[in-house]
2 protein chains.
Amino acid sequence: MTTRLNRERVLRAAVALADESGIDSLSMRRLAQELDVVPMALYKHVANKEQLLDGMLDSVVGEIDPPEPGPDWRHVVRRRILSARQVLLRHRWAYRVIESRTAPTPAVLGYLDSMIGVFRDGGFSADLTHHVMHAMGSRLLGFSQELFDDSKAGAGSAGPPDPAVASALAKRYPRIAELAAAAAHDGGSVVGGGCDDQFEFEFALDLLLDGFERLRERGWTSAR
Amino acid sequence: MTTRLNRERVLRAAVALADESGIDSLSMRRLAQELDVVPMALYKHVANKEQLLDGMLDSVVGEIDPPEPGPDWRHVVRRRILSARQVLLRHRWAYRVIESRTAPTPAVLGYLDSMIGVFRDGGFSADLTHHVMHAMGSRLLGFSQELFDDSKAGAGSAGPPDPAVASALAKRYPRIAELAAAAAHDGGSVVGGGCDDQFEFEFALDLLLDGFERLRERGWTSAR
DNA sequence: ACCTGAACACCGTTCAAGT
DNA sequence: ACCTGAACACCGTTCAAGT
């Protein structure tokens, strides 16, 4: 005789299932099976699949460290965003769910609210903070979508998968090939697989934060 | 008696269907119905749904203006990205498809290759260009994902939907309320609905381009 | 060479019924 | 109050068959 079902247990199982098997494997039916219950039993604890995903998302956002207050807004923001990034890396399905949501969940709103607070307390006008938040977009939650996903590209411990294919690609896309070669020289190993995601994320993040600080210093206004 | 089916006709119908009814309405069965054909007829012209989406994406990317060469890399990049943005606004489903793709399609590769060329010809090292491309991410194709979608939020011609709800939200998320109020003052109209997407996009784009130029001038290297 | 029909293994969700 | 069973209206895709 198993414990009674409740919302908590449903959400926990859903997160675990998504962590293990990916978000595509998360169906109401599969989740019910995981909980040794008939599909319709779930609907007493969660209105529908959308609400299930909202709940999962709130639980993930709840894992992000609260902001550690400090005199340097830049440091506080940077630290918290990198913490969010760690959380999102633990739950690789989460960013897809965030993107698919039509309205922000309470936890996301709370996160954004406190992030706005850091900028405002750091001397940013409401106007500038508004545009800054937009400019950050999903980066606020620690992710940014790339156009190619390195994780799948030419990874593996061996060299380039097929020299013939590689050289054909290089002929057709010479500029990409040049970049891939440059990336392989320092640090990286394989074409396309030689990117350090953490480095790229921080590069863009710091570029933006630097830009924000410059605008703040000069008292920038949108003046619309 | 209708014209014979072919890949071209299938892709065109798929794009039209997604434009009209949204990407969620695009099923193989529904598309077949639109073409007055049995579902399985599609599979002679397209291997599966994944390949259908790839084809649709390539057709959309093909609508983006080629780069208009010029002496100023910044202007060339900016112009082309804003053109891409217009295309993506015409096909609002496209960004979701891009995000869902596991490997870049030929058209996207070609687009990226030529974009890299603009930076390289503008005096950027391969190293810097590499990081710059990562920092741009999906913004290269004219979109960026926001955490809240203004299009759905509190839009409409009337004022805030419900004052009681609005003030409860303001109490719970005071910083967000402050920003919304500030946004409503200049230009915007309603809480959450007062954001000018085009302005926000260009704000972030220019901030990044400025940052890139500064790094280029000082001969920045990742020095890994 | 191209299109069809029937079938398989899935979905989310409703509704009426059980305990 | 909570769980169940059967059903509905969908999916993408296979396989063998038609023309």
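First the proteins, then the strands, lettered A, B, ... as listed; each starts at 1. Computed from a predicted model, the values in this text were never measured in an experiment.
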- Take the protein atom NZ of A/K44 and the nucleotide atom P of C/dC15, then report the distance between them rounded to whole Å. 13 Å

- Side-chain (A/D127) to main-chain (A/S222) donor-acceptor, under 3.5 angstrom: yes

- Query: A/H45 side chain N/O closer than 4.0 Å to the phosphate oxygens (OP1, OP2) of D/dC2?
  - Reply: no

- Which of C/dA6, C/dC3, D/dC11 is nearest the side chain of B/R29? It is D/dC11

- Query: Using the P atom in both, what is the distance from D/dA9 to C/dA9, to the nearest Å?
  - Reply: 22 Å

- Query: With distance as the sole test, does A/S138 use its side chain to make a donor-acceptor pair with the main-chain N or O of A/F143 at under 3.5 Å?
  - Reply: yes

- Query: Between the main-chain N or O of A/D65 and the side-chain N or O of A/R80, is there a donor-acceptor pair closer than 3.5 Å?
  - Reply: yes

- Task: Please confirm whether the backbone N or O of B/M115 pairs with a side-chain atom of A/R175, one donor and one acceptor, at under 3.5 Å?
- Result: no

- Note on the structure: Separation of C/dC8 atom P from B/M40 atom CE, nearest Å, is 16 Å

- Checking C/dC11, D/dT4, D/dG12 against the side chain of A/R30 (C-beta onward), the nearest is C/dC11

- Query: In whole angstroms, how far is the C1' atom of D/dG12 from the CG atom of B/L53?
  - Reply: 12 Å

- Item | Involving DNA chain D, stems made of at least three consecutive Watson-Crick or G-U pairs, both distances under 3.5 Å | C:4-8 with D:12-16, C:12-16 with D:4-8

- Query: Is any NZ, NE, NH1 or NH2 atom of the basic residue among A/E202 and A/R78 found under 4.0 Å from an Asp or Glu carboxylate oxygen of the other?
  - Reply: yes

